[in-house]
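Predicted model, so just to flag it, every value in this text is computed and none were measured. The analysis underlying the following values was restricted to heavy atoms, covering all of them including side chains, and did not include hydrogens, waters or symmetry mates.
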Protein chains: 2
Amino acid sequence: MLGSIPTTFFFLKPMTSLNLIKIAKMAGVSRSTVSRVINDHPNVSEGVRERVQRIIHDTGFQPNLSARSLRSRRSNIIGLVLPQTMDTLFSDPYFPVLTQGIARACNDYKKTLALFIEGSDKDIGQRVTQEGLLDGFVVQSVKLQESFSKKILNSNIPFVFIGRPDDPRHSFIDVDNIKGGKLAVQHLLNLGYQKIAHITGDLDTNAGKDRLLGYQMVMQELTPGFDENLVCMGDFLEESAYKVVPSLIQKGVDAIFVASDQMARGAIRGLADLGLRVPEDVGIIGFDDLSPAVSANPMLTTIHQPVREFGYKAVEMLLEKLENEDAQAQQVIMDVELIIRDSCGAKQRFIEVERH
Amino acid sequence: MLGSIPTTFFFLKPMTSLNLIKIAKMAGVSRSTVSRVINDHPNVSEGVRERVQRIIHDTGFQPNLSARSLRSRRSNIIGLVLPQTMDTLFSDPYFPVLTQGIARACNDYKKTLALFIEGSDKDIGQRVTQEGLLDGFVVQSVKLQESFSKKILNSNIPFVFIGRPDDPRHSFIDVDNIKGGKLAVQHLLNLGYQKIAHITGDLDTNAGKDRLLGYQMVMQELTPGFDENLVCMGDFLEESAYKVVPSLIQKGVDAIFVASDQMARGAIRGLADLGLRVPEDVGIIGFDDLSPAVSANPMLTTIHQPVREFGYKAVEMLLEKLENEDAQAQQVIMDVELIIRDSCGAKQRFIEVERH
DNA sequence: TTGTACGCGTTATCAT
DNA sequence: ATGATAACGCGTACAA
């Protein structure tokens with residue numbers, strides 16, 4: 001019975017997969033000529049070029065990428081490695097925006113973006129350095145696993161860090177976190193706050209360390225008898241800030257520089273639980289300026305970092321490296337900016353500031 | 001002068017890229033045998049297998065993926081297509097979580113995930129259907145571009161929709177949005193609210209339509225003289241809800257079912273601007289239950305949809321399709337759940353409900 | 001300007 | 001169980 005299946009069956013799966021040879025035959029030229037047309041080589045006569053292009057267009061032919069990358073040793077795929085634990089990864093709006101910038105650059109430069117998220121399996125280093133898969137990759141440089149670092153350093157596939165890595169000889173792009181910390185504290189001091197606390201980011205990251213450093217530098221310089229107890233540990237996530245608020249209030253702080261907008265929201269929630277309002281009772285400045293975290297109630301004053309832009313730039317750095325593999329490692333530091341909204345109380349305190 | 005470049009130059013680029021032949025020579029066997037070992041073919045004697053595996057391990061050899069997929073016609077890369085405009089994409093926590101579920105499945109099944117975000121360039125359909133790049137892809141089915149739909153339907157590369165597409169003959173996975181809408185409204189009615197409004201999602205999407213439908217069904221059945229004017233248009237994003245709050249308050253509503261948590265936050269902010277508190281003055285229920293949107297102040301009562309899980313499941317459906325290309329299209333609807341927190345006022349109104 | 005021929009590294013078929 | 005050999009589709013040096 002099965003044997004009675006009509007032969008029209010074969011028409012269902014066309015399996016017509018086109019290739020250079022078929023196009024060449026249709027155009028009455030050789031395979032090489034078609035290849036040259038596709039790759040925009042100069043030495044093709046105008047008539048032939050047009051004829052071939054017409055056929056390619058009409059048939060919808062697209063060259064096989066596997067074959068192409070096997071031969072040319074270029075896959076035109078670049079990787080994005082996010083080596084953080086999956087649970088915290090996407091509750092932080094930083095990563096989506098970063099990914100967006102990177103994806104946009106890949107679109108613009110006609111690259112395919114492969115996404116690697118370190119999960120339960122530890123062989124992400126294997127996958128990323130696997131031959132013939134990626135031309136290079138961009139890697140978020142927080143909490144890199146030892147085995148992963150070793151793997152990528154031993155391979156000769158180019159990569160660019162996002163965020164300053166521990167070994168600063170590698171190419172990386174980052175924002176000026178120290179300046180960001182300074183800007184925040186200076187603004188609070190300008191507004192007349194007396195006792196300014198800091199809830200840190202994850203101090204295993206350079207971003208967390210540097211934001212703290214900026215805070216400390218300004219506090220030590222401008223506030224006599226600066227008390228290190230005004231610093232509380234956080235981890236960039238909301239809950240960590242929520243928890244430490246009561247202890248800070250007990251110390252009598254009137255403003256807090258919080259190392260991420262997520263945590264700023266946690267802090268505001270913690271203050272609300274204590275019946276305290278922002279900015280009337282306590283002034284708050286966050287860090288990141290990423291939607292939707294800033295549109296809390298009240299709107300957050302924060303330090304803007306151009307995440308989307310440096311995701312884009314990271315790809316460009318990588319592509320440069322691919323063009324010229326012997327180029328020097330490149331380090332780029334992007335600027336940050338104070339964005340004044342409601343949570344710092346600038347509007348209420350403006351007149352007071354004017355007096356100085 | 002150039003001719004005087006020392007020949008040691010050649011040593012700089014080791015170009016030692018291993019391949020089957022080199023491994024074969026080291027092991028004293030043929031290329032085929034090495035290939036068999038790598039692919040776990042049964043017909044290899046134990047001694048040879050161990051010897052070859054040892055060399056592979058010691059050298060760190062990994063087969064070239066381009067060559068492999070050229071020959072086997074399997075790239076082991078699957079695509080994720082997010083065909084929304086880039087600006088709104090990542091301000092919605094839905095997409096990061098979805099991506100996370102998909103990435104996890106790709107890890108588990110040893111697939112590489114390629115991310116395609118529809119940007120300014122319109123040739124995403126070209127890229128996705130390009131031969132030899134993807135084995136298949138998963139596509140978020142909101143607002144598909146005409147040209148894109150045509151492209152993927154004409155190609156014979158398998159795909160699975162996330163969210164019910166307009167043509168329900170395709171494989172897709174979705175949640176029961178109608179039930180979600182019903183659950184929300186029923187809960188508000190149970191709590192004794194009298195005038196329940198709805199701020200819709202983007203009504204160009206089936207999710208937006210279905211949540212509205214669930215609302216309408218319950219309201220028409222259980223509230224006599226249901227007023228269609230209680231429905232306001234939104235687009236899933238915060239700002240759209242923020243704007244319509246005043247008009248709803250004028251109509252005297254005492255509760256709002258909002259079609260996304262993002263919008264729920266916008267609504268709460270809008271109410272705060274009018275001096276109204278949630279849930280004391282107005283009860284709110286959202287939809288999504290995605291961190292961090294739910295940890296607003298107050299914590300959101302909302303409809304939970306298992307976004308991470310259905311991202312994962314979508315990949316599994318795609319992989320099944322790859323195994324068995326002639327299989328029937330598959331449609332999967334996942335369940336939703338009411339999560340009671342603070343914004344609906346259940347705690348305050350509990351006793352009142354008990355009386356009934 | 002165009003065509004011929006070889007090789008990229010792998011898997012699969014066919015011998016042995 | 002193992003090895004020789006033929007594809008897979010493409011790019012390019014070289015020849016014409």
Could you tell me which residues satisfy side-chain hydrogen bond (donor to acceptor under 3.5 Å, both in side chains) with B:Gln330, sequence neighbours excluded, listed by chain and number? B:Glu320
What heavy-atom pair brings B:Leu318 and B:Pro158 nearest, and what distance separates the two atoms? CD1-O, 3.7 Å
Looking at OG of A:Ser66 and CZ of B:Arg71, how far apart are the two atoms once the value is rounded to the nearest 0.5 Å? 13.0 Å
Could you list the residues that satisfy salt bridge (charged side-chain N to carboxylate O under 4.0 Å, His left out) with B:Asp40, not counting sequence neighbours? none
Hey, where on DNA chain C does chain A first and last touch, going 5' to 3'? Cut-off is any atom under 4.0 Å from a heavy atom. C:dT1 to C:dG9
Got a sec, which residues hit side-chain hydrogen bond (donor to acceptor under 3.5 Å, both in side chains) with A:Arg164, two or more places apart in sequence or on another chain? A:Asp210
Sugar-phosphate or base contact per nucleotide [nucleotides 2-11 of chain D; S, B, -; heavy atom under 4.0 Å]: BBBBBBBBBB
Kindly write out the residues that satisfy side-chain hydrogen bond (donor to acceptor under 3.5 Å, both in side chains) with A:Lys111, not counting sequence neighbours, or none if the list is empty. A:Asn76
Salt bridge check, A:Arg104 against A:Asp108: does any charged N sit closer than 4.0 Å to a carboxylate O? no
